[in-house]
Number of protein chains: 2
Amino acid sequence: MGATKTEHFTDKQNAIATLAKALGHPARVAIMEYLMKVDTCICGDIVNELPLAQPTVSQHLKELKTAGLIKGSIEGNAICYCIDEKALDKLQSYFAKISTKLEKKRNNCC
Amino acid sequence: MGATKTEHFTDKQNAIATLAKALGHPARVAIMEYLMKVDTCICGDIVNELPLAQPTVSQHLKELKTAGLIKGSIEGNAICYCIDEKALDKLQSYFAKISTKLEKKRNNCC
DNA sequence: AATCTTTATCGTAATATTGCAATCTAAATA
DNA sequence: TATTTAGATTGCAATATTACGATAAAGATT
């Protein structure tokens, strides 16, 4: 088939999967890291930072935006993209929670 | 094309992307959560927990294993899967670091 | 207004992913 | 040894992703 059976899983599982999937490509990780690095949100320039053609970068940006990881506001004829902290907080607290749980168990197995 | 240009990105970016990609499917998130939930690592049963056929689950397990998120040891004619903490630690510290950095900047933009 | 600049969208080719039925493998047990 | 059981592998169909050339849209600049 090829289509994910999202309806069989919980909303939370789907939400985490969506965020993780959005970061499941090195170009998108690179974009996030670039947006982190520049102190104020830079407009444009992302294309020059990446070894990919402009339409490809635009597509990756769209996916990050759809997933809620970044937001973009129009700034003249350029667009100002920056990180949406809410989504990253979700991921951060999710993995923090898991790490805490794992700590408690301390290798009950394997 | 369709093939990711991994060679253009840093090892670290590729590593994070690989881990994120592995969690980019709700079934795999569900598997991880199930392995978290059961106190000791249970052998088998994962198939019964998921709304997917056995070959499909087996494939998802393989992907999680390849990404380094879980490890499996043979236990008689069953297999004992459990979470590999190292990979989760990587993700946890990655997002923790990002969150700290974002905190410092406090919405310089947008 | 004509042109430039920046970003999005369309169309398409190459490749990857998802899912399952059928089948195989190997240890366990009858 | 024949059978059962747990899990992997194979093969295939449906769908998704990745990448880019060509082109469009819209504000900026000349």
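Since the model is a prediction, treat every value here as computed from it, not as a measurement. A, B, ... follow the sequence lines: proteins, then strands. Residue 1 opens every chain.
Residue order along DNA chain D, read from the 5' end via each residue's closest nucleotide, puts A:Arg28 first among A:Ile74 and A:Arg28.
For the pairing with A:Ile70, the side chain to side chain contact (heavy atoms under 4.5 Å, CB included) check across A:Asp84, A:Leu35, A:Leu88 returns one residue only, A:Leu35.
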List, with names and distances, any nitrogen or oxygen atoms from the protein found under 3.5 Å away from nitrogen or oxygen atoms belonging to nucleotides 4-6 of chain C.
{"residue": "C:dT5", "atom": "O2", "partner": "A:Asn77", "partner atom": "ND2", "Å": "3.1"}

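Applying the side-chain hydrogen bond (donor to acceptor under 3.5 Å, both in side chains) definition to pairs two or more places apart or across chains, those involving residues 11-22 of chain A are A:Thr10-A:Gln13, A:Gln13-B:Glu33. Identified under the side-chain hydrogen bond (donor to acceptor under 3.5 Å, both in side chains) test for residues 54-64 of chain B, with sequence neighbours left out: B:Arg28-B:His60, B:Arg28-B:Glu63.
Contact annotation: B:Tyr81 reaches the phosphate of D:dA8 (side-chain N/O to OP1 or OP2, under 4.0 Å).
Not counting sequence neighbours, A:Ala15 has no partner by the side chain to side chain contact (heavy atoms under 4.5 Å, CB included) test. Residues satisfying the ring-ring contact (aromatic ring centres under 6.0 Å, His included) test with A:Tyr94, not counting sequence neighbours, are none. When the side chain to side chain contact (heavy atoms under 4.5 Å, CB included) test is applied to A:Ser99, the partners found at least two apart in sequence or on another chain are B:Asp89, B:Gln92. The side chain to side chain contact (heavy atoms under 4.5 Å, CB included) search around A:Asp45 returns A:Tyr34, A:Ile42, A:Asn48, not counting sequence neighbours. Partners of B:Phe9 by ring-ring contact (aromatic ring centres under 6.0 Å, His included), not counting sequence neighbours: none found.
A heavy atom lying under 4.0 Å from DNA chain D marks the following residues of residues 3-25 of chain B, by number: B:Ala3, B:Thr4, B:Lys5. Contacts between residues 50-66 of chain B and DNA chain D, defined by a heavy-atom separation below 4.0 Å, involve B:Gln54, B:Pro55, B:Ser58, B:Lys62, listed by number.
Counting heavy atoms from C-beta on, the side chains of A:Ile31 and A:Leu50 come closer than 4.5 Å. The shortest side-chain heavy-atom distance between B:Ile16 and A:Leu23 does not fall under the 4.5 Å cut-off.
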